Amino acid sequence: MKIYQLAIILTLCISCASCDKKDDDENNTTPPLEETMTDQQILDLAQKDAIKYFWDYAEPNSKLARERYHTDDPGNDAQIVTTGGSGFGLMSILVGIERGFVPRGEAVTRLQTALNFLENADRFHGAWPHWMNGINGNVIPFGTVDNGGDLVETSFLCEALICMREYFKNGNEAEQALAQQADELWNGVEWDWYTKGGEHALYWHWSPQYEWQINFKLEGYNECLITYIMAAASTTHPVDAAAYHEGWARNGAIVNNGQRYNLPVVLSYNGANGNVGPMFWSHYSYLGMDPRGLSDQYANYWTLVQNHAKIQHAYSVANPMGWTGYSDKVWGLTASYSRNPNGSTGYDAHSPVNDKGIISPTAALSSFPYTPEESMKMLRFVYEDADWKSRLIGVAGPYDAFSIHHNWVTPRYLAIDQGTIAPMIENHRTGMLWNLFMQAPEVQQGLLNLGFHSTQHGF
């Protein structure tokens with residue numbers, strides 16, 4: 001009898017447990033383990049993660065940005081500091097201070113160390129080299145004859161120095177000293193030297209050993225617009241407007257009437273006539289320079305940069321090359337690590353005219369001001385996709401590049417790619433860096449000297 005009663009009880013228990021499970025399954029319409037982040041939460045997370053590259057993984061002596069960080073080989077190029085990437089890192093830290101992600105006092109101390117390093121590092125007529133040794137500030141050649149000043153990388157850094165000056169100029173004594181030091185550093189650049197003896201154009205490189213041998217004239221359109229803006233804004237070594245109009249704008253030949261996906265390309269992208277180039281061309285110059293309401297005789301710059309991002313998104317949706325994984329939520333082609341045909345990791349400037357099936361998260365994430373809905377889809381993919389998030393997110397946010405088609409991810413970071421994410425997301429959220437940079441009087445005057453006007457900032 002006891003065995004029979006026990007059997008009945010067990011049957012009832014199993015039956016009830018099955019019913020409960022069925023009811024739970026029918027009523028459970030949301031993921032049981034985690035809640036979906038709000039837009040603000042995931043934007044916070046993306047910014048915090050990107051800032052880690054410049055806070056937790058900075059070159060320890062200079063406190064500036066390492067050129068790269070490989071999670072699979074942390075000692076790789078550990079002492080190589082990148083000038084442009086350091087500029088992006090300085091702006092990222094300003095965002096971190098403003099959002100409370102890093103302690104303000106500690107950040108000021110670190111920034112003092114960074115500016116002291118820059119003050120004593122190798123300079124060539126005021127311009128810093130592309131790479132420096134983080135221990136002693138000596139130039140590290142970027143190439144055999146590229147062992148001197150790099151004016152473009154310097155302009156990215158100066159964009160940050162002006163933002164720093166404006167951010168700290170009304171602070172406490174230490175902060176005001178930092179602002180003054182940033183101002184002196186930026187004013188030390190001899191922009192006019194880089195016209196190669198007074199030509200109506202800027203040149204990228206100069207070396208005391210090889211002089212002008214590289215002979216790279218800055219002609220548009222690419223990432224170098226900010227170099228002309230900085231050169232025109234200088235109160236110590238300015239260049240005149242003719243360099244911009246004849247050199248950069250090529251006497252008007254920079255204008256292009258082409259369209260892609262029914263969107264005007266506006267300007268002629270170098271190497272992609274009638275199409276658009278890698279996405280970073282709409283990031284580097286615009287971390288500080290606000291394209292909203294900005295125009296000159298050649299372009300409406302908001303239309304230019306927004307169309308650039310929209311064309312890249314439309315390209316991914318159309319997916320003319322047939323790459324597995326391209327979609328409205330997986331998009332963005334820019335210069336980044338890349339996958340070589342043999343499966344090894346290389347580097348390439350990806351774009352619609354150079355598409356290797358490689359997606360670089362920074363391309364979409366740094367385009368938040370231009371394409372907020374499309375960029376949010378990409379952000380949620382890298383952080384929330386069940387199949388890919390664990391592979392794509394590392395110690396400092398999304399890894400540099402991946403390919404669904406090739407089932408490939410590189411567990412590596414580059415300063416110039418991580419460095420645009422937090423500043424551009426912040427410009428989307430509050431316009432913080434745009435407002436800092438555009439309020440600088442010499443920036444406004446430099447833009448006016450070149451024929452620019454900004455309805456957003458009233459000049």
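The structure presented is a predicted model; accordingly, all values stated were derived computationally and were not measured. Along the sequence shown, residues carry numbers from 1. Only this structure's heavy atoms are used, side chains among them; waters, hydrogens and symmetry mates stay out.
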- prompt: Under 3.5 Å, is there a donor-acceptor pair linking the side chains of S336 and D417?
  reply: no
query: Regarding S344 and N340, is there a side-chain donor-to-acceptor distance under 3.5 Å anywhere?
result: yes
Note: R165-D183 ion pair, threshold 4.0 Å (strictly below): yes
message: If I compare all heavy atoms of G89 with all of F54, which pair ends up nearest, and what's the gap?
response: CA-CD2, 3.4 Å
query: Can D290 and H457 be counted as having a side-chain donor-acceptor contact under 3.5 angstrom?
result: yes
task: Salt-bridge test for R380 and D39: reply yes if a basic N is under 4.0 Å from a carboxylate O, no otherwise.
output: yes
field: Under 3.5 Å donor-acceptor, N61 side chain and I135 backbone
entry: yes
query: Taking it one step at a time, do S367 and H283 satisfy side-chain hydrogen bond (donor to acceptor under 3.5 Å, both in side chains)?
result: CA-CA 7 Å; S367 297; H283 299 151; 2.9 Å; yes
task: Mind running side chain to side chain contact (heavy atoms under 4.5 Å, CB included) on T113 and L64 for me, showing each step along the way?
output: CA-CA 9 Å; T113 299; L64 291 170; over 6 Å; no
- prompt: When you check the side-chain N and O atoms of H350 and S338, is any donor under 3.5 Å from an acceptor?
  reply: yes
query: Do F437 and E159 have side-chain heavy atoms sitting under 4.5 Å apart?
result: yes
task: Check the side chains of Q180 and Q176 for a donor-acceptor pair under 3.5 angstrom, ignoring hydrogens and angles.
output: no
message: Is a donor from one side chain sitting under 3.5 angstrom from an acceptor on the other, for N449 and Q445?
response: yes
query: With distance as the sole test, does Q418 use its side chain to make a donor-acceptor pair with the main-chain N or O of A396 at under 3.5 Å?
result: yes
message: If we count only N and O atoms by modelled type, under 3.5 Å, do the side chains of T109 and E106 hold a donor and an acceptor together?
response: no
- line: Checking Y269, Y301, Y221 against H308 for ring pair (Phe, Tyr, Trp, His ring centres under 6.0 Å), the one that qualifies is Y269
- prompt: Residues in ring pair (Phe, Tyr, Trp, His ring centres under 6.0 Å) with F156, at least two apart?
  reply: F88, Y284
field: Inter-residue atom distance Q47.CD - H428.NE2, 0.5 Å rounding
entry: 9.5 Å
- prompt: Is a side-chain donor-acceptor pair under 3.5 Å present for E199 with Y203?
  reply: yes
message: Under a plain distance cut-off of 3.5 Å, with no hydrogens placed, do H237 and E190 share a side-chain donor-acceptor pair?
response: no
query: Taking NZ, NE, NH1 and NH2 as the nitrogens, is one of them in R412 or D72 under 4.0 Å from a carboxylate oxygen of the other?
result: yes
message: Check whether T83 reaches the backbone of P129 with its side chain - one donor and one acceptor, N or O, closer than 3.5 Å.
response: yes
message: Are the side chains of I359 and M378 in contact, using a 4.5 Å heavy-atom criterion?
response: yes
query: Would you say the side-chain atoms of Y167 and E98 include a donor-acceptor pair closer than 3.5 Å?
result: yes
task: Scan side-chain atoms only and decide if N270 and E219 contain a donor-acceptor pair under the 3.5 Å cut-off.
output: no
query: Taking atom types as modelled and ignoring hydrogens, do the side chains of Q181 and E119 form a donor-acceptor contact shorter than 3.5 angstrom?
result: yes
task: Measure from NZ or CZ of K329 to the centre of the six-membered ring of F381, then state whether that distance is under 6.0 Å and the direction lies within 45° of the axis.
output: no
- prompt: Which atom pair, heavy atoms only, marks the closest approach of P208 to G148?
  reply: CD-CA, 4.4 Å
- request: May I ask you to check whether D49 and Y383 show a side-chain donor-acceptor distance below 3.5 Å?
  value: yes
field: Donor-acceptor pair between E426 and T430 side chains, under 3.5 angstrom
entry: yes
task: Quick one: do V145 and Q213 satisfy side chain to side chain contact (heavy atoms under 4.5 Å, CB included)? Show the steps, please.
output: CA-CA 7 Å; V145 299; Q213 185 170 325; 3.7 Å; yes
message: How close do I358 and S403 get, counting heavy atoms only, and between which atoms?
response: CD1-CB, 3.8 Å
- prompt: Hey, is the main chain of W193 close enough, under 3.5 Å, to the side chain of K196 for a donor-acceptor pair?
  reply: no
field: Donor-acceptor pair, side chain of R250 and main chain of H245, under 3.5 angstrom
entry: no
query: Looking only at heavy atoms, what is the nearest atom pair of W128 and C158, with distance?
result: CZ3-SG, 4.4 Å
field: Side chain N427, main chain L433, donor-acceptor under 3.5 Å
entry: yes
query: Going by an N to O cut-off under 4.0 Å, is there a salt bridge joining E175 and K169?
result: no
- prompt: Is the closest side-chain donor-acceptor distance between Y244 and H200 under 3.5 Å?
  reply: no
- line: W434 and M289 have their tightest heavy-atom pair at NE1-O, 3.5 Å
message: Whether the side chain of D400 engages the backbone of Y337 through a donor-acceptor N/O pair (distance < 3.5 Å, no angle test) should be reported.
response: yes
- request: Kindly give the heavy-atom pair with the smallest separation between A233 and W186, and that separation in Å.
  value: C-CH2, 3.8 Å
- prompt: Are any of the side-chain heavy atoms of F142 and H205 separated by less than 4.5 Å?
  reply: no
task: Please report the C-alpha distance between N187 and S234 in whole Å, then the side-chain angles of each, then the deciding distance to 0.1 Å, and finally whether the side-chain hydrogen bond (donor to acceptor under 3.5 Å, both in side chains) criterion is met.
output: CA-CA 7 Å; N187 278 310; S234 173; 5.0 Å; no
- request: Assess the side chains of Y399 and R391: does a donor N or O sit below 3.5 Å from an acceptor N or O?
  value: no
R292 to W302 six-membered ring, cation-pi geometry met (6.0 Å, 45°): no
message: Please check: side-chain N/O of Q444 versus main-chain N/O of M438, any donor-acceptor pairing under 3.5 Å?
response: yes
query: In terms of side-chain heavy atoms, does T82 have a donor or acceptor partner in S86 at a distance below 3.5 Å?
result: no
Donor-acceptor pair, side chain of W331 and main chain of E374, under 3.5 angstrom: yes
- prompt: Got D150 and W206 here, is their nearest side-chain heavy-atom distance under 4.5 Å?
  reply: no
query: Is the closest side-chain heavy-atom distance between T334 and W281 below 4.5 Å?
result: no
task: May I have the step-by-step check of side-chain hydrogen bond (donor to acceptor under 3.5 Å, both in side chains) for S207 and N147, ending in yes or no?
output: CA-CA 6 Å; S207 158; N147 65 347; 2.6 Å; yes
- prompt: R260 side chain to Q312 main-chain N or O, any donor-acceptor pair under 3.5 Å?
  reply: no
Trace of the side chain to side chain contact (heavy atoms under 4.5 Å, CB included) decision for T227 with W204: CA-CA 9 Å; T227 313; W204 198 313; over 6 Å; no
query: Do S351 and V276 have side chains that get closer than 4.5 Å, going by heavy atoms?
result: no
- request: Could you walk me through whether R66 and Y413 pass the side-chain hydrogen bond (donor to acceptor under 3.5 Å, both in side chains) test, one step at a time?
  value: CA-CA 10 Å; R66 290 177 56 173; Y413 296 101; over 6 Å; no
- request: Indicate whether any N or O donor in one side chain lies under 3.5 Å from an N or O acceptor in the other, for D355 and Y326.
  value: yes
message: Return the CD1 to OG distance between I311 and S316, rounded to the nearest 0.5 Å.
response: 14.0 Å
query: So do the side chains of L225 and W248 get within less than 4.5 Å of each other, counting heavy atoms only?
result: yes
task: Decide yes or no for I80 and N133: does some side-chain heavy atom of the first lie under 4.5 Å from some side-chain heavy atom of the second?
output: no
